[in-house]
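Have a look at the structure below, then the notes.
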Amino acid sequence: MTRPGVETGGRGSGDDASRRGRWLVVGPPFLWLGLFFLLPFLIVARMSLSERATARPPYRPAFAWEDGPAGWWDKLGQLSLDNFVSLLDEPLYLDALFTSLRIAATATLILILIGYPIAYAMARAPGRLRPILVTLAILPFWTSFLIRVYAWIGILKPEGLLNAALAAIGVIDEPLQILDTEIAVQIGLVYSYLPFMVLPIYASLEKLDGTLLEAAQDLGCPPWKAFWLVTVPLSMPGVLAGAFLVFIPALGEFVVPDLLGGSETLMIGRTLWSEFFSNRDWPLASAVAIVLLVVILGPMLLWRAVPQRDAEAGR
Amino acid sequence: MMGDAGAGNAAGRGTGRTATQAVGSVRRSFAPWTDPGAKPLIRYEKVTRRFGDVRAVDGVDLDIYEREFFCLLGPSGCGKTTLMRMLAGFETPTEGRILLGGVDLAGLPPYRRPVNMMFQSYALFPHMSVEANVAFGLKQDGVARSEIQDRVAAVLKLVQLEGYGRRRPDQLSGGQRQRVALARALVKRPKVLLLDEPLGALDKKLREETQFELMDLQVELGMTFLVVTHDQDEAMTMADRIAMMDRGRIAQCGTPAEIYETPATRGVASFVGDVTMFEGVVEGRAGSIVSVAGEGAAPSVLVDEAVSGRAGAVAVGARVAVAVRPEKITLAQDPPPPGTPNVIEGEVWDIGYLGDWTVYRIRLADGAIVRVSRANASRFVERPITWEDRVWIHFAPAAGVLLAE
Ligand SMILES: Nc1ncnc2c1ncn2[C@@H]1O[C@H](COP(=O)(O)OP(=O)(O)O)[C@@H](O)[C@H]1O
Ligand SMILES: [Mg+2]
């Protein structure tokens, strides 16, 4: 502070070392993302711009290595968005997309409504109990996801456990048709993704400073109101993280609608699957995947931008 | 620090800052606790609070009067916070009751009590601006929007935070956060303001400035302040009265001068200010003068038990201590004239120069160390006292305080 010249000099040389160190830390994740996210994405993007063909793999690549840079430039001019256009032409795809959005959004809402009280109870439990409760919350992961969704078939089918139980207590006379409906898909999604909602909310509630609630009460705020004015806003980051963690995979979910949804529930993940494996239309399937990615990334980028703007305005 | 705490306290009130002159005159005549007819605003009656086997607060009786600046002083863990939290409603007494304005508070939840608390951690809402934090309590009371605005602006001005209203707590310094917490508790104009270690997180200089600001504020607003602190200087500076706590009990309750000049227990004597204890056995008494015989090579001393107003409290043969403050001991380089009471010979063991004061540590024949302080009133001293000098200390019987146990 007293000798700025010396300090700047010292900091300069330190900067080089720290920059190298920073790349060592940041580098591997970037490499990982590049190899396993960006590269596959580029492959899929190329596929989505290509033409279907009777070949192996079943498409004619839009770009090929052999073309060289000049050839790439040429082809850029002749790119065809046919696959994307046909997505719009055929109502099936848009339908599937909207159904998926609706189902994923509903599941996310239900998950917040169920997950928040669970997380709240966990966070308010005595300190000794909490690690046990967290373990219980992640316990389902010890069994395969596929098997657990299969088990729901046994519960939901007309002669299954649920109908048997409802009949036994006399609520229904005829078995309810739950399996192979959207309700079954909702149940499956909510069941499968509950831990992903509970854990982030729990994490934000657990670190909430209890004296803030005392302060609110001290200022004349009854406990239920303090919950709305203090606890809820301060646990919002957890709720948002949980919402993204469940909404995104739920949107593209394949296993749950395939096993529980029957033929009438059309979700985008199943559409993608059938384009790939039944129709062997890889370019179209890739276009579906790209659209899905844009639908997910759009709101996420928007969400990322908001808190930043907020922080800058506050400064 | 040294013995300046007692004397400095009285002086600090009226002088030093022009703003406190009015405060001084108000304070000088303020002593409702001496008036037997006065009704206390807050009354603790035999209040005990147990946590499992721990008696955090143990049978406390305490009266606090309106407009009083009252400090709870004591070492960490002695139950100060618990005692205060019972008044705010965050803890319930296991036994006894607490009255506010003559009304039993039992069963009244914290959000209905006419007291506000400033938390040790400040507990500012991190997701709200400074303004929203301060307005929070008024909103709960359903105060009109325009009035909220005015009162928030006024209180932010009072704590010198104008222009910071739109900031978030994490964009403020520690001192500014402390002010926001204070403003948030003040704005509701509570009957009693509770402050738990309000200055604990501030650095020394800021803490001292803020002490005086709190005192000014308290007189200006005519509020009753109950402040918890473990810092004796802070309590001495600010309080009208101090309750010194020790393991859940009130060891002594009185004005800063009473606490300093006539401590009731060894704990109080050694926690507040510096002190030397002369241990011994009561040998006899002549009038109010008690003679205490030291064992072995320890010196025997005379002490006037009338000083503490607790005459006759100790029997002949009882083990006692005579507590003497360092500034009440005279240090001489030559033997004092015969007939001077409590003369003890020793050797200069250590000297600490503090600028305004110098502290001498004198080693006696039995190895005990006596602390003596002297004001550095004049710049040049003919025969300065230095290390290993032979010296004589002496003090009047009325300078000591007789402590039992
Ligand atoms: N909620 C609680 N549960 C158990 N023990 C407590 C609780 N609050 C305080 N105590 C105990 O009561 C005693 C007094 O605590 P406290 O009032 O915080 O002291 P201080 O404020 O004087 O430092 C301590 O021994 C502390 O451990
Ligand atoms: Mg405390």
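Computed over heavy atoms, backbone and side chain alike; hydrogens, waters and symmetry mates excluded. Convention: sequence-line order gives letters A, B, ...; per-chain numbering from 1.
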Is it the case that more than 12 heavy atoms not belonging to [X] sit under 6.0 Å from its [atom1] atom?
X        : atom1 : answer
A:Phe30  : CZ    : no
B:Arg247 : CZ    : no
A:Arg148 : CZ    : yes
B:Arg151 : CZ    : yes
A:Phe37  : CZ    : no
A:Ile183 : CD1   : no
A:Arg102 : CZ    : yes

- Query: What closest approach, in Å, do A:Pro233 and B:His127 show between heavy atoms, and which atom pair accounts for it?
  - Reply: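 Closest approach of A:Pro233 to B:His127, heavy atoms only: CB-CD2, 3.5 Å.
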- Considering all heavy atoms, the nearest B:Phe90-A:Glu214 contact: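 Taking every non-hydrogen atom into account, CZ-O, 3.2 Å.
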- Message: Report which part of A:Ala216 has an atom under 4.5 Å of a heavy atom belonging to chain B: side chain, backbone, both, or neither.
- Response: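 Answer is both: backbone and side chain atoms of A:Ala216 are under 4.5 Å from chain B.
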- Query: Quick one: what part of A:Leu213 sits under 4.5 Å from any heavy atom of chain B, side chain, backbone, both or neither?
  - Reply: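 Neither part, no heavy atoms under 4.5 Å.
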- So how far is it from B:Lys139 NZ to A:Leu219 CG, rounded to the nearest 0.5 Å?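 Result: 12.0 Å between the selected atoms.
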Is [X] in contact with chain A via its backbone, its side chain, both, or neither, using a 4.5 Å heavy-atom distance?
X        : value
B:Arg113 : neither
B:Met128 : side chain
B:Phe125 : both
B:Leu194 : neither

- Item | Heavy-atom pairs under 4.5 Å with chain B, option from A:Leu212, A:Asp218, A:Val230 with the top count |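 Answer, by heavy-atom pair count under 4.5 Å with chain B: A:Asp218.
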- Task: Could you please spell out the steps behind the side chain to side chain contact (heavy atoms under 4.5 Å, CB included) verdict for B:Gln140 and A:Leu229?
- Result: CA-CA 11 Å; B:Gln140 303 315 311; A:Leu229 295 178; 3.6 Å; yes
- Message: What I'd like to find out is whether the side chain of A:Cys221 reaches to under 4.5 Å of the side chain of B:Tyr111, using heavy atoms alone.
- Response: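 Not touching, per the 4.5 Å side-chain cut-off.
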- Query: If you tally heavy-atom pairs under 4.5 Å against chain A, which of B:Arg184, B:Gln120, B:Arg112 wins?
  - Reply: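 Between B:Arg184, B:Gln120, B:Arg112, the count favours B:Arg184.
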